[in-house]
Amino acid sequence: GSSTFYNLMVNNSAGVTLLANNTVTWGLTLTSGVVTTGPNSLILTSSASVGRTSGYVDGNFQKFIPIAAPSQIFEVGSGSYSPVEVTFTNMTTAGNLTVRATGTEHPNISTSALDNTKSVNRYWTLTNSGIAFTTYNATFTFVAGDIDAGASTGNFSVGQYVTSAWSLPTVGTRTSTSTQITGVNSFGDFAIGERKTYSITASAGTGGTISPSGTVTVTYGNNQSFSIVADAHYHISNVLVDTVSQGAISTYTFTNVTAAHTISASFALNTYTLTVNATNGTAAKDPDQPT
C-alpha cells in the first residue's frame with residue numbers, strides 16, 4: 001500500500017514490488033534486491049538520500065533536486081543496473097525529477113536517426129516536475145550485454161523522443177559503458193546507438209571525373225560534397241542527382257543526408273568554329289607547283 005518511510009532498507013534478493021506510491025523522507029538503503037514500481041513511483045523528498053550496495057529501482061524513481069545540489073544519480077535499472085546522472089546548470093527553482101529505465105529497444109527507434117542494429121537495447125525516460133533551469137547534462141550507463149554485436153560505443157549518439165518526434169542532443173563523453181549528452185533543455189525518452197548511414201553512388205562518363213567516386217557512405221544528418229572535372233578538350237554536359245538534371249555544374253552538395261542517393265556526370269567533346277576570310281589580291285605562284 002501507500003506508505004511514507006523515514007528510513008527504508010531494501011535487503012531481499014527476491015526483490016520488492018510496490019502496489020502504490022511509496023515515499024522516503026530521510027534515508028533509502030539499497031542493500032540487495034530490485035524495487036519494482038510498476039506504474040507507481042518510489043519518491044524521495046527534499047531531505048532524503050540514497051546509500052547503495054546492490055540492487056536498483058526498476059520503474060519510476062522520483063527525487064527532489066535542490067538548487068544547492070543540482071547533480072543527482074538515479075539508481076535505476078531494468079534487467080541490469082543502468083543508472084543516470086543528471087546535472088543541472090543555472091537552476092532557479094527546485095523541483096522533482098523522475099527517471100525510469102526500460103530494458104528493451106525503444107518502440108519507435110526505427111523512425112529515429114539511430115541504427116537499431118547497432119544500439120543499446122534499453123532506453124530511459126526523464127520527467128520534470130517544477131524544476132526551472134537553463135540546461136542540463138545527463139550520463140546514461142549500461143552494461144556490455146545491452147550492446148548490439150558490431151556496434152562501436154565510440155560512435156554512439158543519443159536520440160531524444162518527445163511528442164512523436166526525434167532529435168539529436170549534443171554528445172559529450174563516451175566510454176565503453178556510458179554516453180553523455182550536454183546542453184539539453186527538455187525531457188522525454190532517450191535511446192543510444194550509432195547513427196544510420198546511407199550510400200551515395202557517384203559515377204562519371206567518358207571525358208571527366210567525379211570526386212569522390214563510387215559508393216560513398218554518409219552518416220545520418222551529415223553533408224557530402226562532390227566535385228566534377230572535365231578532361232582536356234571536354235566540358236561538363238550535365239549532372240544528374242537522383243535522375244533530376246542539375247545542368248553543367250562543377251560541384252554539388254547533399255545536405256542533411258537522411259536517404260540514399262545517386263549522382264552522375266556526363267561530358268561532351270568541345271567543338272570549335274573556324275572562320276576563314278578571303279581577301280582581294282593575287283597570290284604568288286609557286287614555280288614548283290602546277291598551274
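- Side-chain contact check for Ser167 versus Val162: every heavy-atom pair is 4.5 Å or farther apart.
- Side-chain contact between Thr153 and Arg174: absent, with no pair of heavy atoms (C-beta onward) separated by less than 4.5 Å.
- Of the possible donor and acceptor atoms, one in the side chain of Asn22 sits under 3.5 Å from a partner among the backbone N and O of Ala20.
- The two residues Asn7 and Trp26 come nearest to each other via the heavy atoms OD1-CD1, 3.3 Å.
- Distance CD1/Ile43 to OG1/Thr4: 8.5 Å, rounded to 0.5 Å.
- By the criterion of side-chain heavy atoms lying less than 4.5 angstrom apart, applied directly or through intervening Ile, Leu, Val, Met, Phe, Trp or Tyr residues, Val50 is not grouped with Val34; the two fall into different hydrophobic clusters.
- When the ring-ring contact (aromatic ring centres under 6.0 Å, His included) test is applied to Phe267, no partner is found at least two apart in sequence or on another chain.
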**Request:** Assess whether side chain to side chain contact (heavy atoms under 4.5 Å, CB included) is satisfied between Val35 and Phe61, documenting all intermediate values.
**Result:** CA-CA 10 Å; Val35 180; Phe61 193 16; over 6 Å; no
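- Classified by interplanar angle (parallel below 30°, tilted 30° to 60°, perpendicular above 60°), the ring pair Trp124/Phe140 is tilted.
- Remark: side-chain polar atoms of Asn21 are paired, donor with acceptor, to backbone N or O of Ser41 under 3.5 angstrom.
- In this structure, the ring of Phe187 has its center less than 6.0 angstrom from the ring center of Tyr136.
- At a cut-off of 3.5 Å, with distance as the only test, a side-chain donor of Asp148 or Ser119 sits close to an acceptor on the other residue.
- Gln160 contributes no side-chain N or O that, together with a main-chain N or O of Val184, makes up a donor-acceptor pair within less than 3.5 Å.
- The line from OG of Ser157 to CD1 of Ile181 is 11.0 Å long, rounded to the nearest 0.5 Å.
- The two residues Ser112 and Lys196 make their nearest non-hydrogen contact at O-NZ, 2.9 Å.
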**Item:** Test side chain to side chain contact (heavy atoms under 4.5 Å, CB included) applied to Ser129 and Thr98, step by step
**Value:** CA-CA 8 Å; Ser129 178; Thr98 300; over 6 Å; no
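- In this structure, Leu168 is not a member of the same hydrophobic cluster as Ile192, with clusters built from ILVMFWY side-chain heavy atoms closer than 4.5 Å.
- Without hydrogens or angle criteria, Gln72 side chain to Ile65 main chain gives no donor-acceptor distance under 3.5 Å.
- Formation of a donor-acceptor pair under 3.5 Å by the Thr25 side chain with backbone atoms of Phe5 is found in this model.
- Clustering ILVMFWY residues whenever any of their side-chain heavy atoms sit less than 4.5 angstrom apart, transitively, puts Tyr56 in a cluster other than the one holding Tyr123.
- Under a 3.5 Å cut-off, the side chain of Asn121 and the backbone N or O of Thr104 do not form any donor-acceptor pair.
- Follow the hydrophobic side-chain contacts under 4.5 Å out from Leu114 and you never reach Val120; the two are in separate clusters.
- Distance check, rounded to the nearest 0.5 Å: NE2 of His106 to OG1 of Thr125 gives 6.5 Å.
- Not a single donor-acceptor pair under 3.5 Å links the side chain of Glu75 to the backbone N or O of Pro83.
- Taking 4.5 Å as the limit, every side-chain heavy atom of Asn60 sits out of range of all side-chain heavy atoms of Thr127.
- The environment of NZ in Lys118 is sparse: at most 12 heavy-atom neighbours from other residues, nucleotides or ligands sit within 6.0 Å.
- When every heavy atom of Ser78 is checked against every heavy atom of Gly103, the shortest pair comes out as OG-N, 3.0 Å.
- Of the inter-residue distances, the one linking Leu126 atom CG with Arg100 atom CZ reads 12.5 Å to the nearest 0.5 angstrom.
- Between the side chain of Gln246 and the backbone N or O of Val244, at least one donor-acceptor pair lies under 3.5 Å.
- Under the 4.5 Å side-chain criterion, counting only non-hydrogen atoms from C-beta, Val171 is not in contact with Phe156.
- The CD atom of Gln62 sits 8.0 Å away from the OG1 atom of Thr23 when rounded to the nearest 0.5 Å.
- Thr141 has its side chain out of reach of Tyr81: every pair of non-hydrogen atoms, C-beta onward, lies at least 4.5 Å apart.
- Of all heavy-atom pairs between Leu269 and His235, the closest is O-CE1, 3.5 Å.
- In this structure, Lys63 contributes its side chain and Ile73 its backbone to a donor-acceptor pair below 3.5 Å.
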Could you list the donor-acceptor pairs under 3.5 angstrom formed by side chains in residues 199-226, with sequence neighbours left out?
| from | atom 1 | to | atom 2 | distance (Å) |
| --- | --- | --- | --- | --- |
| Asn223 | OD1 | Asn256 | N | 2.8 |
| Ser225 | OG | Thr253 | OG1 | 2.7 |

**Request:** Tell me, with the steps shown, if Leu97 and Phe74 meet side chain to side chain contact (heavy atoms under 4.5 Å, CB included).
**Result:** CA-CA 10 Å; Leu97 182 67; Phe74 287 78; 3.8 Å; yes
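- Between Thr182 and Gly172, the shortest heavy-atom distance links the atoms CG2-CA, 4.0 Å.
- Using a 4.5 Å cut-off between side-chain heavy atoms of Ile, Leu, Val, Met, Phe, Trp and Tyr, with links allowed through other members, Ile109 and Ile147 fall into different hydrophobic clusters.
- Checking each of Thr89, Asn137, Thr87 against Ser71 for a side-chain hydrogen bond (donor to acceptor under 3.5 Å, both in side chains) leaves exactly one that passes, namely Thr87.
- By the 4.5 Å heavy-atom criterion applied to side chains, Phe88 and Asn128 are not counted as neighbours.
- The nearest pair of heavy atoms linking Asn238 to Gly247 is OD1-N, 3.0 Å.
- To the nearest 0.5 Å, atom CG of residue Leu19 and atom OG1 of residue Thr37 are 11.0 Å apart.
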